[in-house]
Amino acid sequence: MAGASASLDSVESVSLLDMLQYLRQARELRSHDSEAVARYGSTILRKYARKLNQTELWLIHEQTAQAAMDSHNEPLALSISQNVLARFPKGARGSRLAGMLGESAGRTSEATQLYAKELELDPQNALILKRSVAMHKGQGNIPAALAALHTYLASNQLDWGAWEEAAELYIQAQLYQQAVFCLEEVLLHQPIALGTHLLLADTLCTLGGTPNLLTARTHYSAVVELSGGRSARALYGLTYVAAQLGADRKAGKGGEEAELGQVAARALTQLYQREAPEAEQAMLAGMLKAQGLAVEAVEGNRNASKR
Amino acid sequence: MVSQDLVLDRDVRDWVLIPLTVSVILMKLLQQYAVKLMAAPKPSEPPKPEDVQQKNTLARSGLLRANHGFISEAGFRQRRAYFAGKEGVLQQTFPAKGLNDMMGNPDAMQGMLKQQMGGLVPQMGMGAFVNYFFSGFILGRVPFSLSPKFRPMLQRGIDLPALDPSYFTSLSFYIMALFGLGGVFRLMFAEDAINDAAQMAQMQMGGMGGGGPPTLDPAKAYEAERQALDVVEYRSRLENSELRSLKLLRAQLAA
């Protein structure tokens, strides 16, 4: 942080090429170092606007305006957006910028109108659809966000990021069945994304019911397998599933898999002994005990300390 | 064989050779920029939403075939029903393709025609121009003797059987300059040279493919995808992950 602010203070001494390079990379990597972007971008626009070619000039306008909004530099965002709108009075990207400006100032109805107008021109416009999803989500209007996301997904079925977003929104709306569908869709695109496996398993556990719990157990064990047993969340998941299945006696039995909960509990205890402070170890022991998995785990614990 | 050399007027050099060469170069230049101008807006044509939709559907169904092992069986069945079930997306029928579609996009055809005309018209105009102003001059002589067979090539526009075939006329010089200066032009416009051969090939390709990327026949592609999806048998890739992870955890605990 200190380094970053130092480089910000000495912005006058940074060469144009370096700044351009930085902004390009920030665009490419979608970095969120908004303050630096706003600082460099505004310097470039103030001093060197004539030296840039048109494409890059307007890209930097857009980038800087967004960064300025992000870092609450409203005057800068406003002046740049006005420049952009003066140059491109029509067009989705201009409207998006104006809409974002409205959103950041809290005038959401204005932004909604702008987006609606653009969507009337082109109902499939990906930029505007994504923007309106974000806006509705920001306002907490989950159904509206989901509706916009549906329209977007209808024409962009291959955007797994959007499926992930849909899953998140469905989870927020507590529509877990739909969330499961979206997460499975993400898994089709990204079959070994551990986070997605975990989220899917968590969602299935939330749904409850023996078949769902068994599927969740499969996903948790896949994560254990893929992470080499280092994923605490998956181990927690396994203990939870075991506890739930144990409560549901008749499905709980069944071969070696039934021991998975116990083993996971022991692995978790071992992991905590290695990496976590005492207090958390006690907490874990308490939790495992409540789940009915504690006995053997604690014994294992003692054995380990004796050795 | 050469009894006496012809003496050519200096004005022939000043008023024929130089203007002719300059006008050929200028025309090539003009053509270069005209082609650039006409070719430029071509790629900005956005793909049709239905096409994108169809491609996406196919890709998604392909993904389902490839990675279905990572999701639950219920999820797989649900998706297969969506794609290949009785009312599935892939059962969708398409209206028979009309003649227009078979010929490719009419706009593309027109664009191609325009491009071809763009190359042809100046050439024809230039030919008429040269024929009108510069015909009937002897411009020079190649520094070696040639057999009379070369006469139609080198002495276009002059019908003098007695003339030594190593003299060439303005019209022949024009034709040779037109087709023979490619290398020189490549030097002049370093990177984006006029490459007649490549351009020609591109045009041919454009004609075959109906312009732009090859369009897929959705009916056939859907049919094939549906059949492929029908024969997929669900097999979970996470099938024994419980046992495997159990083994792994035990090994870690024992270690």
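Just so we're on the same page: letters track the sequence lines, and every chain starts at 1.
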Problem - Residue pair Leu188(A) / Arg79(B), side-chain heavy-atom distance below 4.5 Å - result: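 Counting from C-beta outward, Leu188(A) and Arg79(B) do come under 4.5 Å.
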Practice task
State, with a plain yes or no, whether a side-chain heavy atom of Leu235(A) is found less than 4.5 Å away from one of Leu249(B).
Solution key: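 Side-chain contact under 4.5 Å: yes.
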Identify the heavy atoms of [X] and [Y] that sit nearest to each other, and give their distance.
X: Glu242(B); Y: Ser221(A); value: CG-OG, 3.4 Å
X: Gly229(A); Y: Leu248(B); value: N-CD2, 3.7 Å
X: Gln157(A); Y: Thr57(B); value: NE2-OG1, 3.3 Å
X: His197(A); Y: Leu238(B); value: CE1-CD1, 4.1 Å

Problem - With Ser245(B), the side-chain contact (heavy atoms from CB on, under 4.5 Å) member among Val263(A), Val224(A), Leu226(A) - result: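 Only one of Val263(A), Val224(A), Leu226(A) forms a side-chain contact (heavy atoms from CB on, under 4.5 Å) with Ser245(B), namely Val224(A).
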Handout entry: Nearest-0.5 Å distance, CD1 of residue Ile71(B) to OG1 of residue Thr215(A)
Key =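 So the CD1 of Ile71(B) and the OG1 of Thr215(A) are separated by 11.0 Å.
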Exercise for the section: Give, for atom CD of Gln262(A) and atom CZ of Arg250(B), the distance between the pair rounded to the nearest 0.5 Å. Expected result: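 Interatomic distance, Gln262(A) CD to Arg250(B) CZ, rounded to 0.5 Å: 10.5 Å.
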Exercise for the section: Show the numbers, then the answer: is there a side chain to side chain contact (heavy atoms under 4.5 Å, CB included) between Glu184(A) and Phe70(B)? Expected result: CA-CA 8 Å; Glu184(A) 283 182 343; Phe70(B) 291 94; over 6 Å; no
Problem - Proximal component of Arg237(B), with respect to chain A [non-hydrogen, under 4.5 Å] - result: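 When you check distances to chain A, no heavy atom of Arg237(B) falls under 4.5 Å.
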Practice task
Could you tell me which portion of Glu73(B) (side chain, backbone, both or neither) has an atom closer than 4.5 angstrom to a non-hydrogen atom of chain A?
Solution key: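 No part of it gets close to chain A.
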Problem - Side-chain donor-acceptor contact under 3.5 Å, Ser155(A) with Gln53(B) - result: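 Checked: Ser155(A)/Gln53(B) side chains show no N/O donor-acceptor pair below 3.5 Å.
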